[in-house]
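Each remark here refers to the structure printed beneath this line.
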Amino acid sequence: MSESHTPPSGSARLNTGVAHNARVWNYWIGGKDNYEVDQKVGDHVASINPIIRDIARADREFLGRAVTFLAGERGVRQFLDIGTGLPTADNTHEIAQRIAPDARIVYVDNDPIVLVHARTLLTGTRDGVTDYIDADVHDPDAILRRAADTLDFDRPVAVMMLGILNFVLDTDEARSIVRRVMDAVPSGSFLVLTHPTFDPEVGGELQVPAMEFWNENATPPITARSGAEIAAFFDGLELVDPGLVSCSRWRATSGSAVVVPQYGAVGVKP
């Protein structure tokens with residue numbers, strides 16, 4: 001098992017007795033910012049869905065390819081990363097600012113563990129800006145209002161929603177959140193999204209029992225969606241090739257990448 005780090009106390013929301021997504025995800029990708037309860041739940045989920053660690057790694061690698069593509073090929077200089085999670089190597093700002101030192105990044109999360117590590121996220125380049133706001137995906141107006149202190153919403157923004165809408169259980173609400181955020185950014189902005197699925201064509205059959213166990217033993221509750229439901233988040237946007245695919249296959253350099261039941265896509269606002 002991974003060695004656990006004990007974050008500073010003081011947050012009323014910090015509950016170390018129940019497994020939490022940010023910490024379990026950190027455990028799956030080999031991090032140390034997790035507790036024994038997170039490791040136990042993570043191991044049990046992995047016993048139900050043996051490729052869960054592959055999913056976690058594929059999602060992280062998708063982030064790297066997407067940010068590299070947007071900053072390098074599309075010239076994006078502003079990123080709004082909603083549902084940041086715990087910092088590891090090659091966070092959004094590190095990738096973007098290696099390509100464009102003047103890039104501006106705003107991270108959004110409401111997990112107290114992530115908040116503790118905000119100082120790590122806030123270390124950026126001298127020419128760029130890296131900020132962190134404590135806000136909930138269910139309140140997009142608050143996110144936009146506070147992000148406007150750092151980002152210029154008259155210029156294109158890459159909105160990152162990796163593995164976050166699966167915690168918005170109501171699909172209509174999830175679509176409303178995406179529409180509200182994308183309505184606030186100008187033409188030439190991007191939506192970058194990953195989302196778990198139960199579609200059998202990408203091996204999603206084991207997602208259902210794994211998520212049932214998760215929802216009984218960890219927080220926050222999670223849901224998977226069909227490819228058609230996930231594609232609907234991009235309504236009004238133009239999908240960048242190769243469209244909505246297993247995130248491990250999105251612009252992957254190797255065709256042998258393991259197909260995982262986590263869709264990924266990038267769409268541009270016309």
Side-chain angles (χ1 to χ4, degrees), residues 7-8 10-14 20-22 25 33 63 66-67 70-71 76-88 91-97 100-170 173-195 219-220 233 236-237 266-269:
S11 172
R13 291 180 289 147
L14 180 57
H20 193 283
N21 175 72
W25 196 264
D33 297 301
L63 179 149
V67 174
L70 292 174
V76 176
R77 295 296 179 263
Q78 299 190 112
F79 294 81
L80 178 58
D81 191 336
I82 302 174
T84 301
L86 284 162
T88 57
N91 300 289
T92 298
H93 76 283
E94 294 170 318
I95 300 167
Q97 291 178 349
D102 61 339
R104 306 172 75 87
I105 294 87
V106 172
Y107 290 107
V108 182
D109 211 301
N110 73 329
D111 186 317
I113 292 289
V114 177
L115 183 59
V116 165
H117 288 272
R119 290 192 189 93
T120 301
L121 290 173
L122 291 173
T123 303
T125 60
R126 182 180 61 184
D127 298 327
V129 176
T130 307
D131 200 3
Y132 175 91
I133 58 178
D134 183 11
D136 193 316
V137 67
H138 293 86
D139 191 356
D141 288 330
I143 291 173
L144 293 167
R145 185 172 60 252
R146 296 180 60 189
D149 292 337
T150 301
L151 304 179
D152 178 358
F153 285 118
D154 290 327
R155 297 172 54 228
V157 177
V159 177
M160 317 280 293
M161 291 187 169
L162 275 62
I164 184 64
L165 293 176
N166 36 283
F167 297 110
V168 181
L169 302 186
D170 184 271
E173 181 185 4
R175 291 185 66 181
S176 176
I177 290 167
V178 174
R179 285 196 302 270
R180 176 68 187 95
V181 175
M182 296 309 296
D183 283 348
V185 296
S187 174
S189 294
F190 292 84
L191 173 64
V192 184
L193 184 148
T194 61
H195 196 296
T219 190
F233 292 130
L237 307 178
V266 175
V268 60
K269 183 174 179 177

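Count residues from 1 along the sequence.
- Residues meeting the side chain to side chain donor-acceptor pair (under 3.5 Å) test with Asp81, sequence neighbours left out: Thr92.
- By the salt bridge (Lys or Arg N to Asp or Glu O under 4.0 Å) test, Asp102 pairs with Arg77, sequence neighbours left out.
- Partners of Asn166 under the side-chain contact (heavy atoms from CB on, under 4.5 Å) rule, at least two apart in sequence or in another chain, are His195, Pro196, Ile222.
- Applying the side chain to side chain donor-acceptor pair (under 3.5 Å) criterion to Thr150, with sequence neighbours excluded, gives Asp131.
- Partners of Ala142 by side-chain contact (heavy atoms from CB on, under 4.5 Å), not counting sequence neighbours, listed by chain and number: Asp139, Arg145.
- Within the 3.5 Å criterion, the main-chain N or O of His138 finds a donor-acceptor partner in the side chain of Asp136.
- Between Pro220 and Asn21 the shortest heavy-atom distance is CD-CB, 3.9 Å.
- Between Ala66 and Val266 the shortest heavy-atom distance is CB-CG2, 4.4 Å.
- Side-chain atoms of Tyr107 never come within 3.5 Å of backbone atoms of Thr130 as a donor-acceptor pair (strictly under, hydrogens ignored).
- Under a 3.5 Å cut-off, the side chain of Gln78 and the backbone N or O of Asp152 do form a donor-acceptor pair.
- Between the OG1 atom of Thr84 and the CD1 atom of Ile105 there is a distance of 11.0 Å, given to the nearest 0.5 Å.
- Taking 4.5 Å as the limit, every side-chain heavy atom of Asp154 sits out of range of all side-chain heavy atoms of Pro186.
- Considering all non-hydrogen atoms of both residues, Phe79 and Ala96 come closest at CE1-CB, 3.7 Å.
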List the atom pairs, with distances to 0.1 Å, where a side-chain N or O of residues 155-162 and a protein N or O form a donor-acceptor pair under 3.5 Å, not counting sequence neighbours.
none

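- The shortest side-chain heavy-atom distance between Leu63 and Ile95 falls under the 4.5 Å cut-off.
- Across Asp109 and Gly83, no two heavy atoms sit closer than the pair OD2-C, 3.5 Å.
- Screening residues 178-191 for side-chain hydrogen bond (donor to acceptor under 3.5 Å, both in side chains), with sequence neighbours left out, gives Asp141-Arg180.
- The two residues Ile133 and Ile143 come nearest to each other via the heavy atoms CD1-O, 3.8 Å.
- Heavy atoms only, all atoms of each residue included: Pro140 and Val181 are closest at CB-CG2, 3.9 Å.
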- request: List the steps and the verdict of side chain to side chain contact (heavy atoms under 4.5 Å, CB included) for Leu165 and Phe233.
  value: CA-CA 10 Å; Leu165 293 176; Phe233 292 130; 4.0 Å; yes
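- Side chain of Asp127 to main chain of Pro101: no donor-acceptor pair is present (N/O by atom type, distance under 3.5 Å, no hydrogens or angles).
- With sequence neighbours excluded, the residues forming a side-chain contact (heavy atoms from CB on, under 4.5 Å) with Val268 are Phe190, Glu238, listed by chain and number.
- For Arg175, the salt bridge (Lys or Arg N to Asp or Glu O under 4.0 Å) test picks out Asp235, with sequence neighbours left out.
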